[in-house]
Amino acid sequence: MIDPRILRERPGDVREMLSRRGVEHDLDALVAADAAWRRAASEADAARQRRNELGRAVAAAKKSGGDASGHIAEMRSAAGRLEALEAAQREAHGRYIGLAMSLPNMVHESVPTGPDSSANVVVREWGEARPAGGEHARIMEGMGLVDIERAAKVSGARFYYLVGDMVLLGRALVSHALDLADGRGYTAVQPPYMIRRDSMEGATVAEDLEEAIYSIEGEDLCMIGTSEHAMAAMHRDEILDGADLPIRYAGYSACFRKEAGAHGRDQKGIFRVHQFDKVEQFAFARPEESWAEHERMLGVAEEFYRGLGLPHRVVLLSSGDMGKVSAKTYDIEAWMAAQREYREAVSCSNCLDYQARRLRTRFRDKTSEATRHVHTLNSTLVATTRALVAIVEGCRTADGRIEVPRPLQRYVGKADIGAPRGRGPP
RNA sequence: GCGGAGAUCGCCUAGCCUGGUAGGGCGUGGGAUUGCUAAUCCCAUGCUUUCACGAGCACGGGGGUUCGAAUCCCCCUCUCCGCGCCA
C-alpha cells in the first residue's frame with residue numbers, strides 16, 4: 001500500500017506511476033473512497049464521544065443514587081444512530097482498502113520507462129559468455145543426475161527428482177550462500193513454508209496470489225512462493241527498535257510456484273519448475289538508508305556469482321517489467337550457455353514502505369518519538385535450480401564432465417561430476 | 001485428536017463472580033535535589049488523529065446480549081499442562 005498522503009497531496013505522481021507501469025486503476029474511485037472514509041470516521045467518532053459522555057453521566061447518577069433514566073433514554077436513541085454511522089464507516093473503509101491494496105507501488109525516478117523487458121537497461125556484464133551445445137536437461141538426464149520422466153509420472157509437469165551428485169551440488173550452493181550471507185551480516189532463518197492468507201496478502205498483491213501461489217484446500221494457508229513472503233510477514237504488527245535496524249535475514253526455504261501464466265515457456269528440464277530451494281536476502285531498513293541497502297544487497301548477490309565464476313549481467317528492470325510491490329528492481333541474469341541467453345537468476349528489489357504498510361511493520365528510536373514504517377528489501381542470493389542450469393551448461397570439461405566451481409568443491413567433496421557410479425536410476 | 005488452564009499498555013500483575021472513565025509494580029525517558037556512583041521525589045511512558053487543546057480506539061481476534069462489555073454468551077486463533085499419535 002502506498003502512503004495515503006501521496007494519494008491526497010500528489011495524485012498526479014500516482015497517475016504518472018500508473019502510466020509508466022502501464023496499469024489501469026480507478027484512481028478517482030480510490031480518492032473518493034478515501035475522502036468518504038475519513039468523513040464517515042469523524043462522524044462516527046463524534047457519535048462515540050457523545051455516547052461515552054452519556055455513559056459517564058449514567059454511572060455518576062447511579063453512584064450518587066440519583067435518577068439516570070433520562071440519560072439512559074438518550075443513550076438508547078443515540079445507540080441506533082451510532083450503529084448506522086459505524087456501518088457506513090466500515091463500508092467506506094472496506095471500499096478504500098480494496099482499492100488501495102490493489103494499487104501498485106510508486107516507481108523510483110531512476111527506473112527506465114517502458115512496456116516490458118525490451119526497455120530494461122544493462123548496467124554491467126561480468127565474465128565471458130561462451131555459447132555451448134549441451135542443454136542442461138539432456139546432460140543431466142544422460143548422466144543420471146535428474147529424473148524428469150518419473151517426476152512427471154508421480155507429480156506431473158514441471159517437477160523433478162534430483163539424483164546423486166546433483167543433490168550434493170544443490171546443497172553446496174545453499175551452504176555456500178548461507179556462509180557468504182553470514183559473513184555479510186545476515187542472520188540465517190528457515191521460515192515456515194506455509195503462511196496464513198492474511199500474511200500472504202500483506203507480502204504480495206492479489207493477482208500474484210491467484211496466479212503464482214498455491215493454497216491449501218480446507219485450510220487458511222498458502223505455500224510460500226519464496227521465503228520473502230514469510231520473512232516480510234515476520235514482524236507484522238510490530239514496532240521495531242530503530243537501534244536494531246537494519247535487520248538482515250538470509251531466508252532459506254523451498255519455494256512453490258504455480259507458473260499458471262507460463263504455459264509452453266521453458267518446458268524442458270529444471271529451469272522453470274513448481275518447486276525449488278532458495279537462499280534469499282531480506283532486509284528491514286530505515287527509509288533514509290534503504291537505497292544504499294539496495295545497492296549493498298545487489299553487491300552481495302553479484303559477489304556470489306562472481307565467486308562461482310558464472311558469467312552474468314546486471315539489468316535494471318523497466319517500469320513495465322517490474323513487480324507491483326517493488327519501486328526498483330535489478331535482476332542478475334546468468335549466462336545459460338545452451339540457450340545462448342542471459343536469463344534471470346536473481347531479482348533484487350526495494351519495496352520502500354509498501355509491504356511494511358500492509359503488514360504494519362514500523363519502528364522508532366525513542367518511545368517518545370512518532371512511529372514510521374520501515375522499508376523492506378529482498379534479493380535472491382541463489383535459487384538452486386537456476387544456478388544448477390548455469391553450472392551444468394557452462395562448466396563442462398572437454399571429456400563431458402561437469403566442473404564443480406571452486407568455492408563449492410569443499411561442500412561437494414570433489415572437483416568434478418561424471419557419470420554416477422552405477423547407482424543412478426537406469 | 002481428547003481433557004484441563006490461560007491470553008490485560010515492553011515485562012509482571014489487579015480488575016472478571018456482582019457490567020458504568022483499565023489500576024499498581026518493574027523497566028525505560030525527562031526533570032528536581034544531593035559535591036560523584038547511589039538513594040529520594042516529581043512528570044511521562046499502548047495505538048491513531050490533531051499545529052494545539054482535545055477526541056477516538058485498545059484488555060488475543062470476530063460476532064452477540066445491553067442504554068453501556070476487560071467483565072455475561074457464542075465462534076475462532078494462539079500458548080501452557082496431562083493423555084493419545086508421531087519425525
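Atom set for the values below is all heavy atoms of this structure, side chains included, hydrogens, waters and symmetry mates excluded. As the structure is a prediction and not an experimental result, all values here were calculated from the model. Residue numbers start from 1 in every chain, and the chains themselves are labelled A, B, ... in the order their sequence lines are given, proteins ahead of strands.
N52(A) has a side-chain polar atom (N or O) that falls below the 4.0 Å cut-off from OP1 or OP2 of C57(B). Contact annotation: R48(A) side-chain N/O to A55(B) OP1/OP2 distance is not under 4.0 Å. Of the side-chain N and O atoms in R50(A), none sit less than 4.0 angstrom from OP1 or OP2 of G56(B).
Among the heavy atoms of the strands, none lies under 4.0 Å from S77(A). Here R362(A) lies in heavy-atom contact (under 4.0 Å) with sugar-phosphate atoms only.
Nucleotide C83(B): paired with G1(B) (Watson-Crick or G-U wobble, both distances less than 3.5 Å). Partner assigned to U34(B) is none, using Watson-Crick or G-U wobble distances below 3.5 angstrom. Nucleotide U66(B): unpaired (no Watson-Crick or G-U wobble partner with both distances less than 3.5 Å). The pairing partner recorded for A44(B) is U28(B), the criterion being a Watson-Crick or G-U wobble arrangement whose two distances lie under 3.5 angstrom. Pairing of U18(B), defined by two Watson-Crick or G-U wobble distances under 3.5 Å, is not identified with any nucleotide. Both distances falling under 3.5 Å, in either a Watson-Crick or a G-U wobble arrangement, place A7(B) opposite U77(B).
Comparing G68(B), U21(B), A55(B) by their closest approach to the side chain of R56(A) singles out U21(B). Side-chain proximity of V58(A) to the nucleotides G56(B), G20(B), C47(B) is greatest for G20(B). Here the nucleotide nearest the side chain of R196(A), chosen from C47(B), U77(B), U48(B), is U77(B). Here the side chain of T371(A) is nearest to one of C47(B), C67(B), U48(B), namely U48(B). Side-chain atoms of I72(A) lie closest to C67(B) of the nucleotides G56(B), C47(B), C67(B). Nearest nucleotide to the side chain of A59(A), out of C47(B), A55(B), G20(B): G20(B).
In terms of heavy-atom proximity, T380(A) sits nearest to A301(A) at O-CB, 3.7 Å.
Open room surrounds CZ on R406(A); 12 or fewer heavy atoms of other groups in view lie less than 6.0 Å from it.
Between W291(A) and H294(A), the ring planes lie perpendicular to each other; the angle is over 60°, past the 30° to 60° tilted range. Ring geometry for H235(A) against Y249(A) counts as parallel: the plane angle stays under 30°, on a 0 to 90° scale with 60° as the upper cut.
A salt bridge links D266(A) with R343(A): at least one charged nitrogen is closer than 4.0 Å to a carboxylate oxygen.
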